[in-house]
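Letters A, B, ... are given to chains in the order of the sequence lines, protein chains preceding strands, and every chain is numbered from 1. Note that these values count all heavy atoms, side chains included, but never hydrogens, waters or copies made by symmetry.
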Amino acid sequence: MRFTTVYRKLYRQHGPQHWWPGETPFEVMVGAVLTQNTAWSNVEKAIANLRSARLLDAAAIIRTSPARLAKLLTPSGYFNVKARRLRSLCAWYVEQGGFDALNRRDTPCLRAELLAQHGIGPETADDILLYAFERPVFVIDAYTRRLFGRLGLIAGNETYEVLRAGMERRLARSDDRIALFNEFHALIVVHVKDICRPRPRCDSCCLARICPSAQK
DNA sequence: ACCCAGGGTCATA
DNA sequence: TATGACCATGGG
């Protein structure tokens with residue numbers, strides 16, 4: 001079983017996803033922080049709050065008081081934690097000169113910089129790299145582990161770096177890796193949300209024939 | 001009344 | 001390296 005086969009089946013069932021949901025690269029970064037262990041429906045409410053407060057802007061966020069920022073982030077949960085993380089990320093973003101300046105750096109350098117920011121772990125960093133800076137980085141998340149684990153393609157307890165490097169190596173010769181990684185991660189998320197949930201609905205799953213845990 | 005969600009940090013062993 | 005506590009809201 002090849003990962004490209006999984007991708008093809010997912011794409012045939014769910015179609016193109018046009019991710020990330022977000023108007024600008026900066027909004028993508030904000031969403032990546034707010035969605036940490038949180039349902040996207042909740043993140044949407046918080047982003048809407050920021051938009052109506054005209055705070056979808058790094059410099060504007062820094063000027064806002066932490067208390068006000070936290071209040072606007074209430075719907076997305078962990079609002080005190082996320083207010084601090086968002087503020088420090090914005091401070092870095094502005095200090096570094098904004099999107100265009102950051103975008104001139106190569107991917108390993110940018111990735112290391114992101115990981116050095118407080119509250120930015122491997123998945124959040126890779127969401128930002130792939131969907132805001134359009135770099136060919138394969139994002140690993142809980143859904144990726146669950147799906148590939150159910151398919152028997154991974155054990156599930158590998159470290160983040162092992163999985164990411166492994167996927168990027170296997171897909172190294174694909175022609176448009178940015179577009180592929182973009183769609184692949186999006187398809188995994190929608191597929192697991194709809195079908196491969198904690199209680200799977202394997203009857204309506206395009207991968208049922210190749211999925212060991214779908215056999216009854 | 002549960003369980004779950006597109007993680008990350010920190011303390012501990 | 002690996003586990004556990006903690007952060008918190010909203011939908012099923």
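Heavy-atom distances to DNA chain B give each of Q117(A) and A32(A) a nearest nucleotide, and the one nearer the 5′ end belongs to A32(A). Nucleotides of DNA chain C nearest to K45(A) and T159(A) differ in position, and the one nearer the 5' end is that of T159(A).
Within 4.0 Å of H118(A), counting heavy atoms only, lie sugar-phosphate atoms of the nucleic acid but no base atom. If you check every strand for non-hydrogen atoms under 4.0 Å, V81(A) touches sugar and phosphate atoms only. Nucleic acid contact for S76(A): none, since no nucleic acid atom lies under 4.0 Å from a heavy atom of the residue. Nucleic acid contact class of T144(A) (heavy atoms, under 4.0 Å, all strands): none. Residue I120(A) is in sugar-phosphate contact alone, with no base atom involved, counting any heavy-atom pair closer than 4.0 Å across all strands shown. Counting any heavy atom pair closer than 4.0 Å across all strands shown, D141(A) reaches sugar-phosphate atoms only and no base atom.
E168(A) and V137(A) make their closest contact through OE2-CA, 3.4 Å (heavy atoms, listed as atom of the first residue, atom of the second, distance). Shortest non-hydrogen contact noted between N49(A) and L72(A) is ND2-O, 2.9 Å.
OP1 or OP2 of dG8(B) has not a single side-chain nitrogen or oxygen of N37(A) nearer than 4.0 Å. At dG10(C), none of the side-chain N or O atoms of T38(A) fall inside 4.0 Å of OP1 or OP2 (strictly under the cut-off). Checking the phosphate oxygens (OP1, OP2) of dG12(C), no side-chain nitrogen or oxygen of K193(A) falls inside 4.0 Å. For the OP1/OP2 pair of dA5(B) and a distance below 4.0 Å, the side-chain nitrogens and oxygens of R146(A) include at least one atom meeting the criterion.
Ring-centre distance between F99(A) and F26(A): not below the 6.0 Å cut-off.
Of the nucleotides present, none pairs with dA1(B) by Watson-Crick or G-U wobble criteria with both distances under 3.5 Å.
For N42(A), the side-chain atoms get nearest to dT9(C) when compared with the rest of dT9(C), dC4(B), dC7(C). Distances from the side chain of R85(A) to the nucleotides dT9(B), dA8(C), dG10(C) place dT9(B) closest. Listed nucleotides dA5(B), dG7(B), dT9(C) differ in distance to E123(A); the shortest reach to its side chain belongs to dG7(B). Residue F79(A) places its side chain closer to dT9(C) than to any other of dT9(C), dG7(B), dC4(B).
With rounding to whole Å, D126(A) atom CG is found 13 Å from dG7(B) atom P. Separating the CZ atom of R84(A) from the C1' atom of dC10(B) is a distance of 12 Å, rounded to the nearest angstrom. Distance OH (Y78(A)) to C1' (dA5(B)): 8 Å, rounded to an integer number of Å.
Residue N80(A) holds its CG atom at 9.5 Å from CG of L73(A), rounded to the nearest 0.5 Å.
Rounded to the nearest Å, the gap between the P atom of dA8(C) and that of dC10(B) is 15 Å.
Side chains of T144(A) and D141(A): a donor on one and an acceptor on the other come within 3.5 Å.
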